[in-house]
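As structure tokens, the structure follows; a few thoughts come after it.
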Amino acid sequence: MSDKKTMKIYMGLCSVIALVYGVWMSLFMRWDQFPYIIPTEADMLLPSADFIAKFDGMLHQPLYANAAVYWIWVIFSTILLFMYALFIKKILFAEKITKGTTVFCMANLIAGFAFITWYGFLSFPEQFGNILTDVTASMLGLRYPWHFKIWGILASLSIFTNTLYMYRKNNYKGKTGVIVTSLGCASIFVTINVPSAGLDLVMTARCLSHWATALTFAFLGAAGVIIFLFHKSKQKEKKYIFATVFFVAVLILMLVLLATVGKSAFIENLPMWVAYALLFIINFTSLLDEKDTDEKKVPSFA
């Protein structure tokens, strides 16, 4: 299969995802009336146990002040998803890596790392307890809904573009990584539009779709990086073998902590921090570069 045909398939996949998302937001989510939970000042003074007991009966306030705000968000987020197809063309299939591409990818990688770190340490411990063991990114989204949307956009954009950059820089030929990364990074757009429902809606279609798409983003986003690391490890490159083992170990540690300690934004951020560090090292330093790498070659995805 020629590079041009492969590129069109990838771009077509991203375009279909964006179209489905736009239709879903326009025809279904526009009627969604689920409000975000906004604690009152009195609620914020309650002990943790009393706050949780009152969780179902708290005051509510819609996220979208009016229809115009909703439609601006729908148009913006849909256009952004369509741009993922453009990123594939401009990053993955570019004749050469330009300075502009490098600056763009580095900037959104740094911005993504900075924002998810800052967001993960937002808290209101009077309600949910210890930030290291009790407060998840989704729970924070109930108090900071627009912050949660920015969190999802930056996490998705930074992982997607920098995974593509990593493939292009190293002339990686695999197709599976591009597909899983595209699907994973698009899924978070559902997560941030279908917020954590609270204690009264656990095990409903809403809650399950929120969890399912969040897990899809986590595992497929990580898979796009791991696939590349395994590829390099099979070539017996010692540095990549260490990086692969370390990243997989962190993922296993996260699962163990989720099972033993429970969900929290801190635990959720562990693999993200490691992924950002690896992408930065691979993309923008020479620490893991092969000595004979020729970045000017056009990658073949046939």
Side-chain angles (χ1 to χ4, degrees), residues 1 4-36 62-64 67-93 108 112 137-138 141 145-146 148-164 167 174-197 201 203-225 227 272 301:
M1 186 183 297
K4 189 174 182 179
K5 186 173 182 179
T6 303
M7 180 184 72
K8 288 182 177 179
I9 292 174
Y10 291 155
M11 293 179 69
L13 172 63
C14 290
S15 298
V16 168
I17 291 173
L19 180 61
V20 171
Y21 169 82
V23 171
W24 172 66
M25 288 292 290
S26 300
L27 300 182
F28 175 72
M29 287 302 291
R30 64 177 295 191
W31 306 114
D32 182 54
Q33 297 297 314
F34 179 78
Y36 282 75
L63 171 62
Y64 306 106
V69 175
Y70 177 77
W71 287 113
I72 289 172
W73 163 248
V74 171
I75 294 170
F76 170 77
S77 55
T78 302
I79 290 175
L80 180 59
L81 267 179
F82 271 112
M83 288 181 66
Y84 279 38
L86 182 63
F87 295 146
I88 285 178
K89 179 179 181 180
K90 296 297 184 180
I91 299 174
L92 194 59
F93 288 91
N108 68 56
S138 298
W146 286 108
F148 186 46
K149 289 184 182 297
I150 297 171
W151 171 86
I153 286 175
L154 286 178
S156 174
L157 179 65
S158 56
I159 294 296
F160 184 75
T161 56
N162 279 277
T163 299
L164 295 182
Y167 290 177
K175 298 180 178 67
T176 304
V178 179
I179 294 173
V180 299
T181 301
S182 299
L183 294 173
C185 290
S187 67
I188 199 68
F189 280 73
V190 175
T191 308
I192 59 179
N193 282 292
V194 183
S196 178
L201 292 175
M203 298 308 293
T204 62
R206 168 186 289 280
C207 192
L208 290 176
S209 64
H210 173 83
W211 287 348
T213 52
L215 290 172
T216 298
F217 168 69
F219 285 102
L220 293 189
V225 177
I227 287 171
M272 289 288 287
F301 291 84

For S182, all residues meeting side chain to side chain donor-acceptor pair (under 3.5 Å), sequence neighbours excluded: none
What residues, two or more places apart in sequence or in another chain, satisfy side chain to side chain donor-acceptor pair (under 3.5 Å) together with T213? T191
[atom2] on [Y] to [atom1] on [X], rounded to 0.5 Å:
{"X": "W211", "Y": "T216", "atom1": "CH2", "atom2": "OG1", "result": "14.0 Å"}
{"X": "L13", "Y": "I17", "atom1": "CG", "atom2": "CD1", "result": "4.0 Å"}
{"X": "T163", "Y": "I227", "atom1": "OG1", "atom2": "CD1", "result": "10.0 Å"}
{"X": "I192", "Y": "I150", "atom1": "CD1", "atom2": "CD1", "result": "9.5 Å"}
{"X": "K89", "Y": "K8", "atom1": "NZ", "atom2": "NZ", "result": "9.5 Å"}
{"X": "L92", "Y": "T181", "atom1": "CG", "atom2": "OG1", "result": "10.0 Å"}

Please name the pair of heavy atoms, one in [X] and one in [Y], separated by the smallest distance, quoted to 0.1 Å.
{"X": "T78", "Y": "G22", "answer": "OG1-CA, 3.7 Å"}
{"X": "G184", "Y": "L220", "answer": "CA-CB, 3.7 Å"}
{"X": "V194", "Y": "S209", "answer": "CG1-OG, 3.6 Å"}
{"X": "G221", "Y": "I159", "answer": "O-CG2, 4.4 Å"}
{"X": "M11", "Y": "A85", "answer": "CG-O, 3.4 Å"}

If we only count heavy atoms from C-beta on, is the [X] to [Y] side-chain gap below 4.5 Å?
{"X": "F93", "Y": "K4", "result": "no"}
{"X": "M25", "Y": "W73", "result": "yes"}
{"X": "N108", "Y": "L154", "result": "no"}
{"X": "V74", "Y": "S26", "result": "yes"}
{"X": "I88", "Y": "F160", "result": "yes"}

Side-chain donor/acceptor of Y167 to backbone N/O of G224, under 3.5 Å: yes
Exam field: side chain S156 to backbone G152, donor-acceptor pair closer than 3.5 Å: no
Mind checking whether Y84 and F189 have parallel, tilted or perpendicular rings, split at 30° and 60°? perpendicular
Quick one: do the Y21 and S77 side chains pair a donor with an acceptor below 3.5 Å? yes
Is it true that W24 and N193 share a donor-acceptor pair across their side chains at a distance under 3.5 Å? no
Evaluate F28 against V23 for side chain to side chain contact (heavy atoms under 4.5 Å, CB included), listing each step before the verdict. CA-CA 8 Å; F28 175 72; V23 171; over 6 Å; no
When the aromatic ring centroids of F148 and W151 are compared, is their separation below 6.0 Å? yes
Name the residue from I179, V180, V178 that meets the side chain to side chain contact (heavy atoms under 4.5 Å, CB included) definition with T176. V180
